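A short write-up of the structure that comes next.
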Amino acid sequence: MAAERISDALRQAASEFGAADVRFRLDRPRDADHGDLASNLALALSSRLRRAPREIAQELQARLEGIGGVHRIEIAGPGFLNFFLEESAVGQVLHQIREADEAYGRNSDGGGREIMVEFVSANPTGPLHLGHGRQAALGDAIASLLEWSAWSVHREFYFNDAGVQIERLAESVRARYRQVLGHEAAVPDGGYHGAYVADIARSFHDEVGDRYDNDDSDAALRAMRRHAVRVLRAEQERDLAAFGVRFDEYYPETRLYADGRVAATIRDLDDTGLTYVKDGAAWLRTTAFGDQKDRVMVKSDGSPTYFLPDVAYHMSKWDRGFREVVNVQGSDHHSTVDRVRAGLQALGRPTGYPEYVLHQMVTVERGGEEVRFSKRAGSYTTLAELVQEVGADVARYFFLMRRPEAHLTFDLDLALDQSDKNPVYKVKYAHARVCRLFELARQRGWECPRGADTRPLASRMERELINRLREFPDSLRRAATARAPHVVCDYLEKTAGLVNSWYQTGHPTRSPERAVLVEDEQLRDARLTLAGAARIVLRNGLAVLGIEAPERMVRL
RNA sequence: GUCCCCGUAGCUCAGGUGGAUAGAGCGACUGCCUCCUAAGCAGUAGGCCCCAGGUUCGAGUCCUGGCGGGGACACCA
């Protein structure tokens with residue numbers, strides 16, 4: 001189609017200027033007066049060739065004469081080339097969209113290669129909180145974007161079912177269990193105080209009765225630990241399922257010990273000669289790989305720090321064949337990035353493995369006031385409570401609409417609002433409206449034939465909308481490459497805004513001649529073709545984000 | 001003290017590899033239902049893009065140094 005022909009011709013011209021590798025853009029200009037497509041090639045060449053950009057632009061313009069589908073080329077501003085397409089070429093993309101349908105927006109960048117996205121990875125020590133929610137939404141959307149870019153994606157959840165935190169959980173459950181049995185007992189310092197711990201103690205009591213009354217043994221504590229982890233993991237999976245997030249694999253930390261990976265990692269690290277003993281602990285010289293300080297692998301009491309199984313875990317990712325790994329984590333983990341990579345580099349893995357997406361904190365506001373506490377968890381708001389209150393789709397969208405590295409304020413009033421103030425409803429509503437047009441058309445016995453003549457779509461707004469729909473695949477590719485789902489949100493909101501404007505210009509009381517469902521068959525078919533393409537783009541965009549695109553919305 | 005992230009309209013935030021006149025939503029104000037769903041649309045007002053240097057034909061964007069906010073700097077995970 002025209003855009004590709006122009007792109008090829010520009011590339012060809014660049015190489016004739018002796019700059020085949022020059023980087024330039026060919027995209028939809030912000031202002032529709034600047035044509036359907038614009039390129040900065042002349043500007044990009046000017047610094048290379050040390051010549052005035054407008055002069056280069058004139059030579060380019062001459063060379064680009066006669067490309068099929070291009071009506072005219074203008075030189076504008078400092079030296080932009082603005083391309084105005086033939087009417088028929090503009091609308092052609094609408095037919096391509098309809099043809100591709102559910103596949104519109106996909107690209108083949110990944111070439112079927114494997115990639116792992118690890119996310120959530122909550123400790124089984126309590127219900128999922130909002131940070132986990134953001135991570136679940138982000139990780140799932142990034143995974144989905146990668147799938148749309150032809151990657152074969154493995155979604156993984158790593159859970160730390162070993163270590164100090166789990167012991168504290170078990171001890172907290174023991175204290176609550178004793179209380180159930182009518183004894184005096186206090187949750188230990190550093191223990192877990194949320195109401196859920198008491199729930200777990202009660203369900204434990206339901207299973208075992210008073211079998212562990214006055215029992216301080218390790219066996220008793222182990223039984224409580226097993227029970228607590230099982231219950232909490234089940235709860236986390238339920239919450240994630242309610243949020244619409246599924247994993248291909250849950251990888252437990254204990255497996256790393258059971259299958260000898262941790263021990264093997266210690267041996268392998270020792271073999272590198274980068275380890276040493278100080279103060280009775282075993283250290284790794286991670287500073288050799290850019291870490292700020294060396295790290296302890298094995299504590300003086302003989303137990304490994306978190307660092308060691310983490311290295312072992314990432315070695316398992318490599319050994320399972322994943323050469324591309326994206327870890328989605330809270331930015332409070334940022335200090336682990338350097339040390340884990342350092343450990344992996346010590347073992348010969350490449351620099352920058354794995355890749356990290358670190359997101360900032362989430363806070364919740366209602367009525368302009370921060371909401372902090374939850375009955376269930378004690379000190380934080382849980383994901384389940386949020387999903388319960390605003391629904392999975394709204395929660396997902398809100399988690400995704402900001403860049404990961406920006407702090408997120410979750411405005412509950414806005415999330416609960418059911419009008420265009422709420423971006424989720426705005427996008428969904430635009431989709432539902434377009435669907436409604438097709439429903440009404442069917443009722444009147446009107447079909448929209450394939451390959452309808454799109455030349456009647458000549459208004460400025462229609463052209464702008466078409467060019468925006470043309471951009472969708474590029475927008476998804478950019479989002480996938482940058483691991484940035486908010487790019488999709490931004491795209492959808494703007495597209496929905498345009499769809500709504502376009503729809504409204506055909507308001508029956510003001511300008512019925514601009515409605516979609518007009519008597520004139522040629523006009524109607526052209527407009528239905530545009531509406532159909534918009535429907536596909538909105539639906540696919542929401543699908544990437546894991547959000548439903550309703551065909552009708554019921555007013556409340 | 002060191003490291004990471006952020007600083008753009010009154011508020012919440014977008015701004016692709018540096019490119020044309022800086023963009024949305026909310027809030028404020030003004031219009032528009034004889035209905036393809038007004039859950040909407042059109043319009044108006046609102047900007048030293050934190051500051052100071054630098055690179056460049058061109059900087060919100062890149063570099064350096066400040067200032068302000070958040071986070072991380074355990075033999076916790």
Side-chain angles (χ1 to χ4, degrees), chain A residues 23-25 27 29-31 34 38 40 43-44 46-47 50 52-53 76-80 82 123 125 160 162-166 168 190 253 278-283 292-293 295-301 303-307 309-310 330-338 358-361 368 401-407 409 411 414 417-423 425-426 428-430 432-434 436-441 444 474-475 477-479 481-482 484 486-487 489-490 493-494 497 500-510 512 515-518 527 531 552-556:
Chain A
R23 295 169 114 170
F24 64 93
R25 289 162 60 169
D27 48 19
R30 260 203 296 267
D31 188 336
H34 295 147
N40 66 342
L43 294 156
S46 99
S47 59
R50 303 227 146 262
F80 286 98
N82 292 342
N123 292 347
T125 54
N160 307 107
V164 177
Q165 296 305 319
I166 294 295
R168 288 191 181 148
E253 184 182 358
K278 193 180 86 181
D279 305 329
W283 297 68
Q292 280 187 48
K293 48 184 280 195
R295 304 293 170 177
V296 172
M297 309 186 306
V298 184
K299 301 183 221 172
S300 50
D301 67 2
S303 63
T305 61
Y306 178 76
F307 165 66
D310 219 359
S331 64
D332 54 337
H333 282 73
H334 114 260
S335 62
T336 67
V337 173
D338 282 347
L358 299 181
H359 67 83
Q360 294 281 326
M361 288 178 55
M401 69 185 180
R402 303 288 175 233
R403 297 145 68 219
E405 59 269 22
H407 178 97
T409 303
D411 183 340
L414 183 60
D417 188 274
Q418 305 207 344
S419 76
D420 69 315
K421 290 177 198 165
N422 186 334
Y425 280 89
K426 178 178 177 171
K428 286 188 172 205
Y429 185 46
R433 268 181 155 167
V434 168
R436 178 69 178 145
L437 288 175
F438 282 92
E439 198 180 318
L440 289 170
R444 296 176 198 183
D474 186 52
S475 186
R477 166 183 276 132
R478 239 176 51 231
T481 307
H486 78 276
V487 168
C489 295
D490 194 53
E493 278 171 61
K494 290 193 170 126
N500 283 334
S501 295
W502 176 65
Y503 175 93
Q504 196 71 219
T505 59
H507 197 284
T509 54
R510 199 174 347 153
V516 173
L517 301 177
V518 290
R527 289 173 184 170
R552 289 198 78 155
M553 291 182 76
V554 181
R555 186 190 287 194
L556 298 176

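Per chain, numbering begins at 1; letters A, B, ... match sequence-line order. On a predicted model such as this, the values are computed, not experimentally measured, just so you know.
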Task: Any R25(A) side-chain N or O less than 4.0 Å from OP1/OP2 of G19(B) - done: yes
Listed pairs, N/O of protein and of nucleotides 27-35 of chain B, under 3.5 Å:
from   : atom 1 : to      : atom 2 : distance (Å)
G27(B) : OP1    : K421(A) : NZ     : 3.1

Worksheet entry | C1' gap between U61(B) and A38(B), integer Å | 40 Å
Per the O4'-C1'-N9-C4 / O4'-C1'-N1-C2 angle with a 90° window around 0, C41(B) comes out anti
- Message: Can you check the distance between U21(B) and C49(B), where both ends of the measurement are the P atom (answer in whole Å)?
- Response: 16 Å
*asked:* Strictly below 4.0 Å: does Y306(A) bring a side-chain N or O up to OP1 or OP2 of C75(B)?
replied: no
- Can a side chain N or O of R436(A) be found less than 4.0 Å away from OP1 or OP2 on U37(B)? yes
message: Any N or O donor-acceptor pair under 3.5 Å from the base of A77(B) to the side chain of D332(A)?
response: no
By the Watson-Crick or G-U definition, both distances under 3.5 Å, G23(B) is matched with C13(B)
* May I ask you to verify if any side-chain N or O of K299(A) is less than 4.0 angstrom from the OP1 or OP2 atom of C76(B)? => yes
TODO: Ignoring backbone atoms, test whether S501(A) places a side-chain nitrogen or oxygen under 4.0 Å from the OP1 or OP2 oxygen of A42(B).
DONE: yes
d(D411(A) CG, N422(A) CG) to nearest 0.5 Å is 9.5 Å
Q: Taking atom P in both C57(B) and G66(B), compute the distance separating them and give it to the nearest angstrom.
A: 28 Å
Among the nucleotides C73(B), A14(B), A39(B), whichever has the atom closest to the side chain of K494(A) is A14(B)
Taking the same atom, C1', in G15(B) and in U8(B), what whole-Å distance lies between them?
-> 9 Å
- Does F80(A) lie flat on the base of G19(B), that is, centres under 5.5 Å apart and planes under 30° off? no
(Q) Taking the C1' atom in each of A9(B) and A72(B), what is the distance between them to the nearest angstrom? (A) 33 Å
Does R477(A) make a side-chain N or O approach to OP1 or OP2 of G16(B) shorter than 4.0 Å? no
The reported gap from CZ in F80(A) to CZ in R25(A) (rounded to nearest 0.5 angstrom) is 8.0 Å
Heavy-atom nearest pair, C489(A) first then M401(A), reads SG-CA, 3.7 Å
Side-chain N,O (R552(A)) to OP1/OP2 (U37(B)) below 4.0 Å | no
Using a cut-off of strictly less than 4.0 Å, decide whether K278(A) has a side-chain nitrogen or oxygen near OP1 or OP2 of C75(B).
no
Legend entry - A14(B) phosphate, OP1 or OP2, under 4.0 Å from R402(A) side-chain N/O: no
*Quantified in whole Å, what is the C1' atom distance between nucleotide G70(B) and nucleotide A28(B)?*
31 Å
Give me the distances for all protein-to-nucleotides 55-57 of chain B N/O pairs that come in under 3.5 Å?
none

Relative to its sugar, using the 90° cut-off around 0, the base of G16(B) is syn
Rounded P spacing from C26(B) to U44(B) in Å: 16 Å
As its Watson-Crick or G-U partner within any shown strand, both distances under 3.5 Å, U44(B) has A28(B)
Looking only at G71(B), G16(B), C75(B), the nucleotide nearest the S300(A) side chain is C75(B)
Are H407(A) and G70(B) stacked, counting the six-membered base ring, centres under 5.5 Å, planes under 30°?
-> no
The nucleotide from A20(B), A14(B), C75(B) with an atom nearest the side chain of K293(A) is C75(B)
Applying the 3.5 Å cut-off to both distances, the Watson-Crick or G-U partner of G65(B) turns out to be C51(B)
